[in-house]
Amino acid sequence: MDVHEYAVTQSLLKLVLDEAKRVEASKVLEIRLVIGDLSTIVDDSVQMYFDIMSEGTIAHGAKLVFRRVKAEFKCRECGEVFIKPTTGFDCPKCGGLGMPTGVGREFYIESLEIE
């Protein structure tokens with residue numbers, strides 16, 4: 001069991017149910033999530049925990065749609081901003097070391113589809 005995904009999914013479900021209650025929804029149909037590649041969140045784990053945790057709630061059976069955001073780095077040497085290569089952190093322009101910009105750490109609810 002991955003405690004990280006469990007806790008994240010628990011918070012996600014609470015936010016969704018609170019918002020659904022606030023707008024007096026009767027059913028949550030779809031939840032669109034934005035997840036950065038550096039966030040270490042595994043889509044399948046979130047889906048599995050959500051299916052279990054949402055049982056007996058108006059969110060049970062809701063479809064989770066994941067949109068991944070590529071990790072962005074900035075070169076210390078030349079200032080080039082680039083998408084993290086598959087391996088390493090080297091700048092494609094000058095070969096210098098890239099540092100994370102913060103883009104790619106996202107985890108948030110983009111939208112809800114409810115009835």
Please report the shortest heavy-atom distance between [X] and [Y], naming the atom on each side.
X	Y	answer
Ala71	Phe73	CB-CE1, 3.9 Å
Thr40	Glu5	O-OE2, 3.3 Å
Ala59	Leu17	CB-CD2, 4.0 Å
Ile31	Ala62	CD1-CB, 4.3 Å
Thr57	Ser54	OG1-O, 2.6 Å

Would [X] and [Y] show up in the same hydrophobic cluster when neighbours are defined by side-chain heavy atoms closer than 4.5 Å?
X	Y	result
Leu38	Val46	no
Val28	Met53	yes
Leu29	Leu15	no
Tyr6	Val16	yes
Ile114	Leu64	yes

message = Among residues at least two apart in sequence or on other chains, which ones pass side-chain contact (heavy atoms from CB on, under 4.5 Å) with Glu30?
response = Arg32, Lys63, Val65, Glu113
task = Taking side-chain contact (heavy atoms from CB on, under 4.5 Å) as the test, write out the residues that go with Lys14, two or more places apart.
result = Asp18
ask   = Which distance, rounded to the nearest 0.5 Å, do you find between the OG of Ser39 and the CG of Leu33?
value = 10.5 Å
message = Within this structure, what is the CD-CD1 distance for the pair Glu110 and Ile35, rounded to the nearest 0.5 Å?
response = 11.0 Å
For a quick test of your reading: what N or O donor-acceptor pairs under 3.5 Å do the side chains of residues 79-90 make, sequence neighbours left out?
residue: Lys84; atom: NZ; partner: Gly88; partner atom: O; Å: 3.3

For a 4.5 angstrom cut-off between non-hydrogen side-chain atoms, does [X] reach [Y]?
X	Y	result
Asp44	Met48	no
Leu12	Tyr49	no
Val69	Asp37	no

Result block: side-chain N/O donor-acceptor pairs under 3.5 angstrom for residues 96-108, not counting sequence neighbours:
residue: Thr101; atom: OG1; partner: Glu72; partner atom: O; Å: 3.2
residue: Thr101; atom: OG1; partner: Val103; partner atom: N; Å: 3.2
residue: Glu106; atom: OE1; partner: Gly104; partner atom: N; Å: 2.7
residue: Glu106; atom: OE2; partner: Gly104; partner atom: N; Å: 3.4

message = Given 3.5 Å as the limit, does a donor-acceptor pair link the side chain of Ser11 with the main chain of Ala7, or not?
response = yes
ask   = Excluding sequence neighbours, so at least two apart, what forms side chain to side chain donor-acceptor pair (under 3.5 Å) with Arg76?
value = none
query = Who are the salt bridge (charged side-chain N to carboxylate O under 4.0 Å, His left out) partners of Asp43, not counting sequence neighbours?
reply = Arg68
